[in-house]
Amino acid sequence: MKNLLSFLFLVVFCFAGTAQNTKPPFLKYTNSTWVDSVMTTLTPDERIAQLIMVAAYSNRGEEHKQEILKLIEEQKIGGLIFFQGDPASQVKLMNEYQEASELPLLGAIDAEWGLGMRLDSTISYPFQMTLGAVQDDQLLYQLGAEVARQVKRTGLHLNFAPVVDVNNNPNNPVINFRSFGEDKFNVARKATAYMQGMQDAQLLTTAKHFPGHGDTDTDSHYALPQINHPLARLDSLELYPFREILKAGIGGVMVAHLNIPALDSTGVPSTLSKPIITGLLKEQLDFEGLIVTDAMNMKGVTEGNEPGVVDKDAILAGNDLLEFTEDVPKAIAEVRKAINAGLISQKEIDQRVRKILAVKQWVGLNQYQPVAVENIIEELNTPEAILLNRQLTEAALTVLKNEKNILPLQELEKRRFASVSFGRDEKTPFQETLDLYAGMTHFTVPVDASEEMVSTLRNQLENYDVVISAIHDQSKFPRNNLKLSEAALELVAELAEKESSVFAFFKNPYVLNKIDKIEEAAGLVVAYQDNKASQEVAAQLIFGGIGANGKLPVSVGEKFKAGKGLEVTGNIRLSYTLPEAAGMDSKLLNSRIDSLMTVAMEMKATPGAQILVARHGKVVFHKAYGEHSYYDTISVKKDDLYDLASVTKISATMPALMKLYDEGKFRLDGTLADHLPKFKRSNKADIPFTDILTHQARFQPWIPFWKNTLRKNGSYRWWTIKKDSSARYPIKITDEMYLHRNYPDKIVKAIRKSPLREKKEYVYSDFFFILAPRVVASRTEEDFATYLQENFYQPLGAESVGFNPAAPKYKIVPTEYDFSFRKEPIHGTVHDEGAIMLGGVSGHAGLFANANDLAKLLQMYLNGGEYGGKRYLKEETLIKFTKTTFPDTDNRRALGFDKRRPNSKGVVNNTAKDASEASYGHTGFTGIMVWMDPEEDLLYIFLSNRVHPTRENHRLYSLDTRTNIHQVLYDAIKAEKTS
């Protein structure tokens, strides 16, 4: 008694003034009409049974189900806590259990990081330590609301979360990554925001593990941890987050199995301690909410205690709800004995029962309805729920080192990049995402890498300017351990000392303290967890697709202190995310584009396609469809190359001309004669480029240059084409066709001498764009292809964009079978006859690319001439070149770019009907369409080979596939706005 009085004095002294400000929300129902009516129906033993919650599983079969039903029907238990299983089975079982129970059951689950903690086919949100790095607490509130929605959708009402333990012991085996970190203020803020999100959505929560499980090195599942801190330390640190979340109105508190001599010198677990539960939590902290035990099957409380008896002791200590009671009949009997013995009164029991019933009314169980099973997986995994997971993962990214602002990586054209994934033996999502930004060579280092393997890799890496290393975890949870071989760790340390070393860390941050030299890396990104989402966003951060402002939630020895984190600017390159992140409806977008493409392929309008959609600089749709051809089984991949045909005009000619325009080397009022002297005495000498680029220069539409190589009998003229290459015949048409070196000049001559059309009106012509490489070369010191590579494609990281692709044929989508000129399938070379006769390099056709790399150039246009932190073109230049040049005429073209073209009835059929007047783009003969809309900041790329196997296949046009898909994008924007 003397010891108890001394303890209470200290408690009163230390915890004065800690009464909570907001009461738990369910308390208003403790004396409601419904609760009163239920109380009158319950026998004394049934009232005790309301305080018991047993474990239920949805993956254990009929025998387990019958055991639970027996407890419900015979013992009248108050609730169930669900563990492993799947959502549909859990809902079915809970419906059956509710039907069998005379009084609605309270359903609970441990869903600290969402339903994925327990159930398959559901979302696992980031662990709390990851969330501890997030700087926007509103995201934690949103998480709480979403977790509540999902938990309730599975028929449950109580989440045993959040964890409010302050993890200040790196060796903590049970809390660790489950804590928001070591800073008590951050823990309190994050836990409160998470809790409020859940409870505002009518899901009750419990703060755990009272009075603080953070500074232990023992797992209470297997033994009883002991915390030896003095009272003052417990008050100032461990209890601080509990006090704050109690003030905010949390509904429940879960008590841990801990031995804390400063709070109870008897050595009993805190779960069984009246001084801790009644004296501290209820009386001194003035908590009136639901007090729940940690699982009563854990060794931390069962060691030396008999089932049933230990449950009675927990009730006597002040708990309201027993979680995971192992022997229900005995527990009820033991509590009944305690009442009869005067150890606790029936009135006290009734008060606790009223709490349980009040919770049930608050969550709506007084008007219980069975939960629907239909569509549950889809309704749990909504696009919005998945997007929130990604947003949280992004927001947690923490940059600990950024020497000389190495992040985001710049000057792509000047560097050779390699990536190394430590702890993996195959290419990772991290590496696949890096590929989206720049040319990259990838290596992997398994956990048991030998010295020989590491030595070989060390030599290979000497050939690269920047090595991006990733350190991966080897388990589902980010434990505080490291399994890499000594040889691998030595290489990590060596790479960290390199001037341009960048590391992405996908493990528990505590592990950083076990890696030599890691703190010397030029760039160091901590992602906290090792999953697909964390790997993807970390790679995007490294190249500036997204930014970072996370702060380290725990200290890493002396290397990095809690709270460290550097801000890195993002959104300078494309990012990759979900449609909802850009204000588009993913269900509509995916289903309707898939449907339109299915019809197109079934109707043989095209064998396959790549489609990419970006909005606000975010790629929200990027898919590959079908096969390369109708008669093979090579599936289209997202990095396969397509012949862009006339889209070459706006992807090669126009960027070059606009840059020269910016530099004063190209004038719109200038003429061909200003650049090409041989045109000075031609009929085209005085035609300004404004007319030429808008296709109203009176040029002929085209000339079939290849036909001029043929005699009447179909053979080639002797001076045009030979079977073998030589100095005089260097231009390769096919493996057995080589064109005379002077023939490109003959093409130019034919254009120069061609007659002009009589009327000045819009007539589409390739003539100028065939000449464009010579026009560009007249003002630069480089050939056309080199100029474009050095000034645009390489700096943009657009590796695949270029003429005469060197990729293997299986990466290039074939086009037409040419029966007329080449007399073979066209595969790997340009489809256009004129372009192939120019050596594959022309301003009107010849460019190859995949959708992702082409998007970088086109997004630069949408960005007003800037991309990746580099300005390529002036914004006013892009505006000038992409607006309708002659708006008061029938010519709707811009300078080199196409525009919306309403017909005589005002119907737009070359684009989506909802595309804005400001939008612009181009199409290509091989089945290409690209379109940009500045008003919606929307980019659309459609790549196909509709000319396979013949250009006479016009089904893509008759089905209107490209423009119908284009319209889907606008429909998806409208759908998201109205949802």
Side-chain angles (χ1 to χ4, degrees), residues 23-56 68-69 71-73 75-82 90-91 93-111 148-149 151-161 195 198-206 249-254 287-293 315 319-325 328 331-332 335 348-371:
K23 299 294 184 183
F26 65 85
L27 289 178
K28 61 184 177 181
Y29 295 116
T30 52
N31 293 295
S32 70
T33 301
W34 183 77
V35 171
D36 287 344
S37 67
V38 172
M39 287 295 292
T40 62
T41 68
L42 298 176
T43 67
D45 280 1
E46 288 173 350
R47 295 183 184 191
I48 297 170
Q50 283 298 302
L51 311 182
I52 294 174
M53 179 172 278
V54 300
I68 299 297
L69 286 171
L71 288 171
I72 293 170
E73 293 166 355
Q75 303 301 322
K76 316 293 186 184
I77 56 174
L80 301 170
I81 174 172
F82 276 87
Q90 177 176 293
V91 169
L93 284 173
M94 192 59 172
N95 286 343
E96 288 188 54
Y97 295 151
Q98 293 283 25
E99 185 178 358
S101 181
E102 296 177 7
L103 188 63
L105 296 160
L106 186 65
I109 194 168
D110 274 311
R149 184 192 71 82
V151 171
K152 290 164 61 182
R153 180 64 183 84
T154 61
L156 307 181
H157 324 96
L158 171 59
N159 187 7
F160 290 140
M195 173 275 292
M198 288 188 277
Q199 289 195 174
D200 284 355
Q202 295 296 112
L203 180 73
L204 200 69
T205 64
T206 62
I250 193 165
V253 170
M254 177 181 283
F287 182 61
E288 300 177 41
L290 193 69
I291 302 175
V292 186
T293 68
I315 293 294
N319 291 288
D320 301 314
L321 184 61
L322 303 170
E323 181 206 345
F324 213 134
T325 295
V328 174
I332 293 173
V335 174
E348 289 178 274
I349 294 294
D350 288 352
Q351 287 174 341
R352 299 183 197 184
V353 175
R354 283 182 174 275
K355 278 191 194 180
I356 302 294
L357 295 176
V359 170
K360 290 185 178 183
Q361 183 171 354
W362 184 74
V363 299
L365 282 171
N366 59 317
Q367 297 177 326
Y368 166 74
Q369 293 292 325
V371 176

Check your understanding: Is there a donor-acceptor pair under 3.5 Å between the side chain of Lys360 and the backbone N or O of Gly78?
Key -> yes
Check your understanding: Within the side chain of Lys355, is there an N or O that forms a donor-acceptor pair under 3.5 Å with the backbone of Thr30?
Key -> no
Revision key, fill the gap. So CG of Leu156 and CG of Leu105: to nearest 0.5 Å the spacing works out to 11.0 Å
Review point. Any side-chain heavy-atom pair from Asn95 and Val371 closer than 4.5 angstrom?
Key: yes
Review point. Looking at Ala49 and Gln75, what are the two nearest heavy atoms and their distance?
Key: CB-O, 3.0 Å
Point to revise | Sub-4.5 Å side-chain heavy-atom contact between Arg354 and Asp36 | key: yes
Review point. For Glu102, does the CD atom have more than 12 heavy-atom neighbours from other residues, nucleotides or ligands under 6.0 Å away?
Key: no
Practice item. Using atom types as modelled and distance alone, determine if a side-chain donor or acceptor of Asn159 lies under 3.5 Å from a backbone N or O of Ala148. Key: no
**Study point:** Arg352: side-chain contact (heavy atoms from CB on, under 4.5 Å) partners, not counting sequence neighbours
**Key:** Leu51, Lys282, Ile315, Asp320, Ile344, Glu348
Check your understanding: How far apart are the closest heavy atoms of Phe26 and Ala358, and which atoms are they?
Key -> O-CB, 3.4 Å
Study note, to complete from the structure: Heavy-atom nearest pair, Pro24 first then Phe287, reads CG-CE1, 4.1 Å
Check your understanding: Which heavy-atom pair separates Trp362 from Leu204 by the least distance, and what is that distance?
Key -> CZ3-N, 3.6 Å
Practice item. Keeping the roles fixed (side chain from Thr325, backbone from Val328), state whether a donor-acceptor pair exists under 3.5 Å. Key: no
Point to revise | Met94 and Gln98, any side-chain heavy atoms less than 4.5 Å apart | key: yes
Review point. To the nearest 0.5 Å, what is the distance between CD1 (Ile332) and CD (Glu46)?
Key: 9.0 Å
Exercise for review: Apply side-chain hydrogen bond (donor to acceptor under 3.5 Å, both in side chains) to Lys152 and list each qualifying residue two or more places apart in sequence or on a separate chain.
Suggested key: none
Exercise for review: Run the numbers on Tyr29 and Asn366 for side chain to side chain contact (heavy atoms under 4.5 Å, CB included), then give the verdict.
Suggested key: CA-CA 11 Å; Tyr29 295 116; Asn366 59 317; over 6 Å; no
Check your understanding: Going through the checks in order, is the side chain to side chain contact (heavy atoms under 4.5 Å, CB included) test met by Leu69 and Tyr97?
Key -> CA-CA 6 Å; Leu69 286 171; Tyr97 295 151; 3.6 Å; yes
Check your understanding: How about Leu357 and Trp34: do any of their side-chain heavy atoms sit closer than 4.5 Å?
Key -> yes
Practice item. Taking the side chain as every heavy atom from C-beta outward, state whether Ile48 and Val353 have any atom pair closer than 4.5 Å. Key: no
**Study point:** Residues, nucleotides or ligands: over 12 heavy atoms within 6.0 Å of Glu99 CD
**Key:** no
Point to revise | Point-to-point distance, once rounded to the nearest 0.5 Å, from CD1 of Ile356 to CG of Leu321 | key: 4.5 Å
Study note, to complete from the structure: Rounded to the nearest 0.5 Å, the NZ atom of Lys76 sits from the CG atom of Asp45 at a distance of 11.5 Å
Practice item. Nearest 0.5 Å please: distance from the CE atom of Met198 over to the CG atom of Leu203. Key: 6.5 Å
Check your understanding: Would you find a donor on one side and an acceptor on the other, under 3.5 Å apart, between the side chain of Glu323 and the backbone of Met53?
Key -> no
**Study point:** pair Val359-Leu158: side-chain heavy atoms closer than 4.5 Å
**Key:** no
Check your understanding: Are Val38 and Gln50 close enough that some pair of their side-chain heavy atoms sits under 4.5 Å apart?
Key -> no
Practice item. Step by step, work out the side chain to side chain contact (heavy atoms under 4.5 Å, CB included) result for Ile77 and Ile72. Key: CA-CA 5 Å; Ile77 56 174; Ile72 293 170; 4.0 Å; yes
Check your understanding: Just wondering, do Ile250 and Thr206 contact through their side chains at under 4.5 Å, heavy atoms?
Key -> no
Practice item. Please check if the side chain of Gln90 supplies one atom and the backbone of Phe82 the other of a donor-acceptor pair under 3.5 Å. Key: no
Check your understanding: Could you state the interatomic distance from CE (Met254) to OG1 (Thr293), rounded to the nearest 0.5 Å?
Key -> 7.0 Å
**Study point:** Distance-minimising heavy-atom pair for Gly249 and Pro25
**Key:** O-CD, 3.6 Å
